[in-house]
Visitor: 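Structure in structure tokens, see below.
Worth knowing before you read on, the calculation uses all heavy atoms, side chains too, and leaves out hydrogens, waters and symmetry mates. Note on naming: letters A, B, ... go to the chains in the order of the sequence lines (proteins, then strands), and numbering restarts at 1 for each one.
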Amino acid sequence: MDNIKYDHAKIEKKWQDRWEKENIYFPDLSQAKEHFYNLWMFPYPSAEGLHAGHTFASTGSDVFGRFIRMQGKAVFQPIGYDSFGIHSENYAIKIGENPNEVVKRTTKHYEEQMRSLGHGYDWRHTVTTSDPDYYRWTQWLFLKMWEAGLAYKKLATVNFCPSCKTVLADEQVMTPAQAGKEPKDANGEVVPETPETKVCERCGTIVEKKDLDQWFFRITKYADDLLEGLEKIDWSSRVKLAQKNWIGKSHGMLIKFKIENSDDEIEVFTTRPDTLNAVTFIAISDEALYNRESTEKIGEPTGKYAIDPLSGRKLPIWKTNYVAPGYGTGAVMGVPAHDERDMEFAKKYHLDIVQKDPDQKLWKEIEDKKFGYPHTNFHLRDWLVSRQRYWGAPIPMINCPKCDWVAVPEKELPVLLPNISDYKPEGTGKGPLANHKEFYQVTCPKCGGDATRETDVMDTFVDSSWYFLRYPSSNIESAPFDKEITKRWLPVDLYFGGAEHSVLHLMYARFVTKVLHDLKLLDFDEPFPKFFAHGLMIKDGVKMSKSKGNVINPDQYVSKFGADTLRLYVMFLGPMDASPDFRDSGIEGMQRFVARLWKLFNEASITDGQPSKEVAHKLNQTVKKVTEDMYNFKYNTAIASIMELMNTLEDNKTRNLSASILKSLALLLAPFAPHLAEEIWVKILGQPFSIHKANWPKYDNSLIGSDTVTIIIQVNGKLRSHLVVSNKQSTKKEDIETLSKKDENVAKWLKNHGIKKVIFVSGKLINFVI
RNA sequence: GCCGAGGUGGCGGAAUGGCAGACGCGUAGGUCUCAAAAACCUAUGAGGCCUUAAACCUCGUGAGGGUUCGACUCCCUCUCUCGGCACCA
């Protein structure tokens, strides 16, 4: 037995080295004709290593890439690291090391892990977003935005954690339950939670609001384009809907109200101008009241009155906390009869309530009489890209007392991020770079006078908004992306990633692509025509996360069971878009499957002869099923049918197995278990290296149907018996009906009953209705 | 509150109008062994019938109703779970 033990450690390493040496996964990017850009969202190195959830996702992508490569296409499958940004920086701070050093170490380990899993990445085209060769072009992108008038600076309210002394991204502010923390005040005292309590993801401290000067990208200008573009891309409706809701387009009108005893007017946005006849007050947003974030509606009368343009009634104007600032005009018309929120407010403050039916004619009347005009509003806000942090790409702008904001000339890029020791955020409203004169003290590129550099860095989502453009051109120094290569390889053929990026990353990448398209730098305007959202891995029923302490490190499984067993196991857990639960017990079953396969190939007497009918039939069925499942990312059922095939072959083992059958089986296994399949292909079947360049097996439809068919016999829809007949006979209603009636068990049910109707589905079933 | 996805054996899951539970895990019994592990074989939704076995029957896909010759699958109502958004006028 020992001589056929599968030594996964030795065999996997051997083939990984040979694949790399012989450039199996490195397509010639300038030549390839039939090409396929297969992309998995790059990870951010915010931990020492990747966890099993990454293994599930990256393997899912790799399996597809291998499958497509075996269809004869040149597959470009790159990988990199989203290494700038708050996640990586926070991790560095937590372990008390400089992010420059941490990222070097963690990305190295990530690479080792991905290599050990046997992923077919093109290691000659990796990107690391914190590398100056990369962020130089992130800064270039900022300049393009600036030139196009799509970057601007303005005062904005941002989230601030008084304990971490830093500004937080919106996605790092959450409810205490989401953070898994008890809410604390700035002094670290636990305080009672209210429905509005929003805390810092990391420490659970209640976030404060601060007003700071911030850089924005004008994504709102592309709101309609982003919405319309969704129509032509092949994404799941769930993800499209999330983007649609985020963009939040609503049609309505802006209506003007004159203010009593004044020349001023107040303008409100409404989607219901047909209810103007029931308006009784005007509610305006008030930052101070709004920031108290109470669920109870509160307000204060301003003492002023607006005039209803229809009836001339006086409408009191109230400052309230329930009108969102920054949306529409920040003012709404109060219509208690048709809006629950207005009703709640009107009741509390004893405002008038007028019951009148909505009148669709008002849309036209308001416009005709010039009380207002049609207007479309969006929920989408401009993209805040400033971060008062250290670990990001410096924003390439210079502030000159004479010339205002001046862009750093393109040829002076990159603006290097200095390696400093005081990189921790201080919470002063400025980033750590503001403490470094040698960084910010510069001369104005325009007038030559003394000027100061911007000391904020860019949001990490800017880094990841264009990285897919860089991969094929990663070795080009003169441009962010080469024109010819980009034309050949983009857009991405399949983008594989987590649904948690449904809005942010995927929206930003689409926006940036559309901007570059409008600047005539790209000839497509959607970066990911096909996106597949995989599920998130669960461990023992709960989401895998560092804070819950249930993160699984794949390394121990690779060393104990081997990459192929682990790959097969995670792919077998369930369909790719589900959330599989990682349990240790199941992986041993997969180890058994691998051992049985190995034994089958080693013990079989391989012949050149034709396979038996039964085996040929099963093989063709399996090839068809696996091929179809691959395109639908239903790897679990693909593997199940390979198992069935193996079970059939084991039953036939005493007979000799034909080489053609074994070759097909090896090919079907190749995407899932690349090392095992290669070893079998080259060493046992004597085929030329490499199986991963071989052609995917074809199936013959004529061999899928067997000679006989089982017909189901039902009485009143209940299964009563079966009938095994020849293919030909199975389509003849009269024959089947006669044979069925002779069946003892069927006859029993038909006895003493008249047959009302006979339903016959050719080749499948017959149903007697009695 | 709104939107979306979902509820199938002891467990992961399969079947998308036609044999419910493929495939795997687990469990039980067996073979091998001094013994154990491993490996292999057999059984495995619940219940009934039966000396035993085969065969057969009833029930069964969150609950209730409907459409259909036939429903896990389609429609309606309810319920629970998970995910996203959340005073957006």
Visitor: Among B:G26, B:A89, B:G24, which nucleotide sits nearest the side chain of A:Phe572?
Guide: B:G24
Visitor: Strictly by Watson-Crick or wobble contacts shorter than 3.5 Å, is anything paired with B:U42, and which nucleotide is it?
Guide: B:A28
Visitor: Would you call the rings of A:Tyr631 and A:Phe67 parallel, tilted or perpendicular, taking 30° and 60° as the class edges?
Guide: perpendicular
Visitor: Pick the P atom in B:C57 and in B:G64, then give their distance to the nearest Å.
Guide: 25 Å
Visitor: Do A:Lys297 and B:C87 share a donor-acceptor pair, side chain to base, under 3.5 Å?
Guide: yes
Visitor: Is any side-chain N or O of A:Arg238 closer than 4.0 Å to OP1 or OP2 of B:G84?
Guide: no
Visitor: Take atom CG of A:Asn245 and atom P of B:C85, then tell me their distance rounded to the nearest Å.
Guide: 10 Å
Visitor: So which nucleotide from B:C3, B:U58, B:A89 ends up closest to the side chain of A:Tyr327?
Guide: B:A89
Visitor: Tell me which nucleotide among B:C23, B:A14, B:A89 gets nearest to the side chain of A:Ala640.
Guide: B:C23
Visitor: May I ask you to verify if any side-chain N or O of A:Arg720 is less than 4.0 angstrom from the OP1 or OP2 atom of B:G18?
Guide: no
Visitor: Please name all residues satisfying side chain to side chain contact (heavy atoms under 4.5 Å, CB included) with A:Leu765, sequence neighbours left out, ordered by chain then number.
Guide: A:Ile712, A:Gln714, A:Val761, A:Asn767
Visitor: Heavy-atom count around A:Lys244 NZ within 6.0 Å, excluding the residue itself: above 12?
Guide: no
Visitor: Assign each of A:His379 and A:Glu588 to its nearest nucleotide of RNA chain B by heavy atoms, then name whichever residue's nucleotide is nearer the 5' end.
Guide: A:Glu588
Visitor: Would you check if the distance from the ring center of A:Tyr508 to the ring center of A:Trp383 is below 6.0 Å?
Guide: yes
Visitor: In whole angstrom, give me the gap between the C1' atoms of B:U68 and B:C75.
Guide: 12 Å
Visitor: Counting side-chain heavy atoms from C-beta on, which of B:A14, B:G18, B:C69 comes nearest to A:Lys764?
Guide: B:G18
Visitor: Does any nucleotide pair with B:U67 by Watson-Crick or G-U wobble geometry, both distances under 3.5 Å, and what is it?
Guide: none
Visitor: Test the A:Lys249-A:Phe378 pair against the cation-pi criterion, namely NZ or CZ under 6.0 angstrom from the six-membered ring centroid and within 45° of the ring axis.
Guide: no
Visitor: B:A20 and B:A28: how far apart are their C1' atoms, nearest whole angstrom?
Guide: 24 Å
Visitor: I want to verify a distance call: between B:G4, B:C40, B:A89, whose nearest atom is closest to the A:Leu241 side chain?
Guide: B:G4
Visitor: Measuring only the C1' atom in each nucleotide, how far is B:A43 from B:G10? A whole number of Å is fine.
Guide: 16 Å
Visitor: Is B:G30 in the syn or the anti form, by the rule that syn lies within 90° of 0?
Guide: anti
Visitor: The side chain of A:Asn647 lies closest to which of these nucleotides: B:A20, B:C23, B:A15?
Guide: B:C23
Visitor: Remember a base hit wins even if backbone is also touched, and classify A:Ser250 as base, sugar-phosphate or nothing at under 4.0 Å, heavy atoms.
Guide: sugar-phosphate
Visitor: May I ask you to check whether A:Tyr635 and A:Phe572 place their ring centers less than 6.0 Å from one another?
Guide: no
Visitor: Taking the minimum atom-to-atom distance to the side chain of A:Asp339, which one of B:A22, B:A89, B:C40 wins?
Guide: B:A89
Visitor: As a test of reading the structure: which of B:G13, B:G26, B:A89 is closest to the side chain of A:Thr270, going by heavy atoms?
Guide: B:A89
Visitor: Output yes when at least one side-chain N/O atom of A:Arg592 is less than 4.0 Å from OP1 or OP2 of B:C25, else no.
Guide: yes
Visitor: Compute whether any side-chain donor of one residue and acceptor of the other, for A:Tyr327 and A:Ser250, lie under 3.5 angstrom apart.
Guide: yes
Visitor: Looking only at atom P, what distance separates B:C34 and B:C23, rounded to whole Å?
Guide: 35 Å
Visitor: Output yes when at least one side-chain N/O atom of A:Lys634 is less than 4.0 Å from OP1 or OP2 of B:A15, else no.
Guide: yes
Visitor: Taking only side-chain N and O atoms of A:Thr637, does any of them lie within less than 4.0 angstrom of OP1 or OP2 on B:A22?
Guide: no
Visitor: Suppose you measure atom C1' in B:C41 against the same atom in B:G47; what distance do you get, rounded to whole Å?
Guide: 28 Å
Visitor: Could you work out the separation of B:U79 and B:C25 based on their P atoms and round it to a whole Å?
Guide: 40 Å
Visitor: Any idea which of B:A22, B:G18, B:A89 is nearest the A:Ile712 side chain?
Guide: B:G18
Visitor: Using the C1' atoms only, state how far B:G65 lies from B:A15, rounded to an integer number of Å.
Guide: 25 Å
Visitor: If you check the A:Asn767 side chain, which of B:A15, B:C69, B:C40 turns out closest?
Guide: B:C69
